[in-house]
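Below: one structure, written as structure tokens.
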Amino acid sequence: METKKPNETPKKSGAVVSNVRGIKNAFLVIIACFIVALCIFLFILGNPSNFNEAGHPINLLGTVYMGGFVVPILQCCFLTVIVLSVERWIALASAKGKGSITKFVANVKKELAANNIAAAQDLCRKQQGSVGAIVYATLLKYDEMDKNTILEKEQKITMIQKELEEATALEMPSLQQNLPIVATLTTLGTLLGLLGTVLGMIKSFQALSASGAPDSTELSTGISEALVNTAFGIATGACAVISYNFFTNKIDNLTYAIDELGFSIVQTFAATH
């Protein structure tokens with residue numbers, strides 16, 4: 001007969017585990033986006049069919065190519081914003097769980113009002129995700145403190161609040177992962193676009209300051225580089241700002257739901273003990 005070790009704790013069945021999907025190494029995403037951007041710049045934008053025999057662009061693709069070396073860098077930033085935005089969408093969708101957060105909060109509060117902790121735990125198992133995992137861990141501590149006959153009531157409430165804070169702290173990094181990179185690109189994209197604009201204007205002024213008649217080809221090249229990089233920089237910065245604010249708001253909504261349920265759990269314990 002197999003003996004159980006004294007310090008061995010049995011595993012809880014039906015525990016809620018938060019498996020937030022997401023890309024752990026964003027550096028690989030940036031490298032992949034740069035390779036894709038470089039291929040687009042060289043083989044699509046720089047295709048000879050986009051230029052006439054004199055080397056002048058004959059369509060929009062050729063005009064974008066004339067933007068210079070800053071264009072693939074800006075394209076890399078733009079693609080990185082798009083990829084990380086899709087990645088955060090998937091990650092936060094898995095963090096939310098299987099059902100509506102609003103209904104989940106209402107149902108758990110209803111069960112807490114009836115002091116039915118087991119039913120509230122079942123709701124967490126059905127919900128899954130980060131919210132379900134945090135609330136479930138707090139309810140387990142609630143059940144543990146309910147059976148504890150040693151600690152005082154204030155100590156039990158403190159232990160429940162501490163469990164809620166620890167569970168939330170463990171989940172928050174996975175929710176906010178890669179968002180600092182998106183936030184950085186809001187400024188970096190605009191600055192790179194400004195750099196390309198300045199370089200383009202320098203070429204334009206060089207063409208104007210040439211002896212004799214200004215070189216129209218050099219002048220148009222400089223203007224193209226300035227306008228193309230400005231457009232890419234604005235587009236990258238705008239998409240990054242929208243993405244960052246959108247996902248930050250979704251994280252705030254999840255955090256608010258967790259705080260609301262955590263407060264309800266503590267209040268229920270304080271009222272019934």
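This structure is a prediction, so every number in the text was calculated from the model and none was measured.
To the nearest 0.5 Å, atom CG of residue Leu227 and atom CZ of residue Phe232 are 13.0 Å apart.
A donor-acceptor pair under 3.5 Å is formed between the side chain of Asn229 and the backbone N or O of Gly67. For the pair Ser94 (side chain) and Ala91 (backbone), a donor-acceptor distance under 3.5 Å is present. Counting only distance, with no hydrogens or angles, the side chain of Asn50 and the backbone of Ile44 share a donor-acceptor pair below 3.5 Å. Between the Arg125 side chain and the Ala120 main chain, no donor and acceptor come within less than 3.5 Å of each other. With Asn178 contributing its side chain and Ile23 its backbone, the two residues share a donor-acceptor pair below 3.5 Å.
Under the 4.5 Å side-chain heavy-atom criterion for grouping Ile, Leu, Val, Met, Phe, Trp and Tyr, Leu42 is connected to Phe51 within one hydrophobic cluster.
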Practice task
Dump the intermediate steps for side chain to side chain contact (heavy atoms under 4.5 Å, CB included) on Lys96 and Phe104, then the final yes or no.
Solution key: CA-CA 10 Å; Lys96 180 179 74 69; Phe104 173 70; over 6 Å; no
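Checking Leu74, Val71, Val36, Ile73 one by one against Phe41, the side chain to side chain contact (heavy atoms under 4.5 Å, CB included) holds for a single residue, Val71.
Residue Lys153 places its NZ atom among more than 12 non-hydrogen atoms of other residues, nucleotides or ligands, all under 6.0 Å distant.
We find that Lys141 and Glu144 are joined by a salt bridge, their nearest charged nitrogen and carboxylate oxygen being less than 4.0 Å apart. Asp143 and Lys147 are joined by a salt bridge, as a carboxylate oxygen and a charged side-chain nitrogen come within less than 4.0 angstrom of each other.
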